[in-house]
Amino acid sequence: MKSVSPICAETAPGPCSIVIFGASGDLAARKLIPALFRLFERDLMPESFLVLGCARSAMSDEEFRSRMRGALSSAGISVPKKLSDLFFSNVKYVSGDYSDKATYARIEQELSAFEKSSAVSGRLFYLSIPPSVFEQVLQMLGENGLVQEDYDGIPWRRVVIEKPFGRDSSSAADLERHLSSTLKERQIYRIDHYLGKDTVQNILMMRFANTVFEPVWNNRYIDSVQISVAESIGVEHRAGYFDKTGLLRDMFQNHILQLLSLVAMEPPSSFESERIRDEKAKLLNSLRPFPADPSELSRLIIRGQYSSGSVNGKLFPAYRDEPGVPKDSITETYVAGKFHIDNWRWNGVHFHMRSGKRLSRRISEVAIRFKQIPHSIFGFFGAGEIARNELILRIQPDEGFSLKINAKKPGSKFCMGEVDMDFKYRDLGAPVAEAYERLLLDTMQGDSTLFIRKDCIQLSWAFLDPVLKAWEDRGNLSSNKLYFYPACSDGPEESRTIFGSETSSWRDL
Ligand code: BG6
């Protein structure tokens with residue numbers, strides 16, 4: 001496919017400091033510092049900025065910088081020395097206990113010293129910390145005046161928070177109460193890194209910057225929609241978090257339901273943050289609730305867990321044998337479900353959702369399956385024998401999309417076959433930006449379009465609450481089974497038998 005020059009307006013934000021709580025952790029090293037550095041390389045960091053790492057581990061500024069230099073090279077970023085020296089001259093570190101007032105006094109001291117050089121400077125607090133200390137840090141930030149905005153959001157103070165946003169409706173509501181006692185909604189940026197992916201944002205562009213899709217984007221033409229987020233990695237070193245969380249909370253409450261909202265929402269009136277989030281909320285509100293009865297529930301959503309398996313002679317352990325996982329864990333590492341949206345546009349369309357760990361490969365995609373043609377004019381080919389059109393939006397890897405259509409193939413008069421109209425992002429020549437680059441830039445610029453509003457969090461928990469409740473009850477294991485699947489397979493066989501039908505069997509991973 002040929003592409004015209006893109007319209008890419010991007011400007012650097014005004015002066016600000018970025019305080020990373022949990023700076024000695026995994027996310028800072030793997031994602032945040034590399035993303036900030038890439039923005040710096042692209043001239044998209046403020047002319048004047050301070051990155052202030054904060055964590056309990058004692059470290060000097062120099063030690064922190066050298067760790068973060070290491071993180072850049074582990075992220076595969078080749079760093080010209082001059083540029084990295086320039087970047088790291090803006091990076092500092094404060095260590096301290098999160099419950100100690102003195103920690104916040106030191107942070108304030110660093111921020112004030114930096115702010116002397118620029119009249120109006122924003123503050124971004126990135127809370128990359130475990131839920132157990134989250135409320136404490138938030139409270140201390142509030143009590144010590146660090147997130148206080150003077151007048152109408154100027155200079156701005158923003159807080160980025162990472163999931164988990166609670167464990168269910170009631171804990172999410174508690175969390176929201178804490179947030180709103182310290183911050184105004186406009187100061188809160190709830191991150192879902194999937195929304196920062198170019199390919200996820202492309203769902204809106206595909207749908208609303210073209211005329212060809214929207215007229216057929218409904219139950220008259222679409223038979224089913226499949227959303228798959230498959231990972232080849234297992235639980236890795238995150239058993240402590242994952243075993244208490246499970247895949248439904250880890251992937252469905254956020255990434256999968258956000259993808260679904262973008263695919264199925266009504267057109268917003270503008271690309272403005274609140275308008276888009278209004279439509280997402282409406283969509284989440286239209287999801288057909290799950291039944292409370294566990295046996296009815298198991299016809300709509302199932303869970304699985306990986307057992308051991310091998311590929312090319314390499315053996316992968318079962319989830320229960322991973323370090324830190326209890327031997328009798330019933331935590332799900334795979335979920336597949338059939339959702340319905342009760343509105344005019346989607347009545348009768350099946351939305352098949354699946355996500356799992358330690359599957360045969362890493363792939364995230366949205367597959368839109370169109371209905372069969374109503375009548376065949378092609379001799380002995382009946383309508384049912386002619387392949388249905390399919391639009392596949394490839395979120396990752398091999399980012400892009402393809403449209404499968406039928407076409408005349410060389411040969412006899414009726415020689416027909418499926419062909420692909422395919423677009424690959426890599427053909428554009430520019431690398432697809434890392435999600436965290438987009439999201440950090442947006443927070444510095446005050447654009448919350450790609451962040452989740454509190455009503456969407458509440459609606460998604462309310463939708464999943466009956467499933468969580470049924471699954472947490474070990475007594476329900478007979479009606480809500482845990483299906484085992486071999487590591488590196490396509491998931492439990494039952495996922496095919498329960499959800500497969502002639503028209504909407506799962507696409508191969
Ligand atoms: C995170 C989940 O939100 O997303 C992880 O907590 C998961 O369990 C990750 O591995 C997947 O993200 P990506 O961008 O690699 O698809």
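Each ligand, and each atom within it, is numbered from 1 in the order the structure gives.
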Would you mind listing each N/O atom of ligand 1 next to any protein N/O under 3.5 Å, plus the distance?
unit_1	atom_1	unit_2	atom_2	d
ligand 1	3 (O)	Lys163	NZ	3.0
ligand 1	3 (O)	His255	NE2	2.7
ligand 1	4 (O)	His255	NE2	3.4
ligand 1	6 (O)	Lys163	NZ	2.8
ligand 1	6 (O)	Arg238	NH2	2.9
ligand 1	6 (O)	Asp250	OD1	2.6
ligand 1	6 (O)	Asp250	OD2	3.3
ligand 1	8 (O)	Arg238	NH1	2.8
ligand 1	8 (O)	Asp250	OD2	2.6
ligand 1	8 (O)	Lys357	NZ	2.8
ligand 1	10 (O)	Glu231	OE1	3.2
ligand 1	10 (O)	Glu231	OE2	2.6
ligand 1	10 (O)	Lys357	NZ	3.2
ligand 1	12 (O)	His193	NE2	3.1
ligand 1	14 (O)	His193	NE2	2.8
ligand 1	14 (O)	Lys197	NZ	2.7
ligand 1	16 (O)	Tyr194	OH	2.5
ligand 1	16 (O)	Gln396	NE2	2.7

> Per the side-chain hydrogen bond (donor to acceptor under 3.5 Å, both in side chains) rule, which among His352, Glu365, Gln226 passes with Arg507?
Replying inline: Glu365
> Relative to Tyr194, does Lys197 satisfy both conditions: NZ or CZ under 6.0 angstrom from the six-membered ring centre, and within 45 degrees of the ring's axis?
Replying inline: yes
Under 3.5 Å, which donor-acceptor pairs link side chains of residues 229-241 to any protein atom two or more places apart or in another chain?
unit_1	atom_1	unit_2	atom_2	d
Glu231	OE1	Lys357	NZ	2.7
Glu236	OE2	Gly234	N	3.1
Tyr241	OH	Asp250	OD1	2.6

> Does some side-chain heavy atom of Ile33 sit less than 4.5 Å from a side-chain heavy atom of Leu72?
Replying inline: yes
> What pair of heavy atoms forms the shortest contact from Met444 to Leu36, and how long is it?
Replying inline: CE-CD2, 4.3 Å
>> Go through it in stages, so that I can follow the logic: the residues are Ser24 and Tyr93, the test is side chain to side chain donor-acceptor pair (under 3.5 Å), and I'd like the CA-CA distance, side-chain angles, deciding distance and then a yes or no.
In response: CA-CA 10 Å; Ser24 58; Tyr93 182 79; 5.0 Å; no
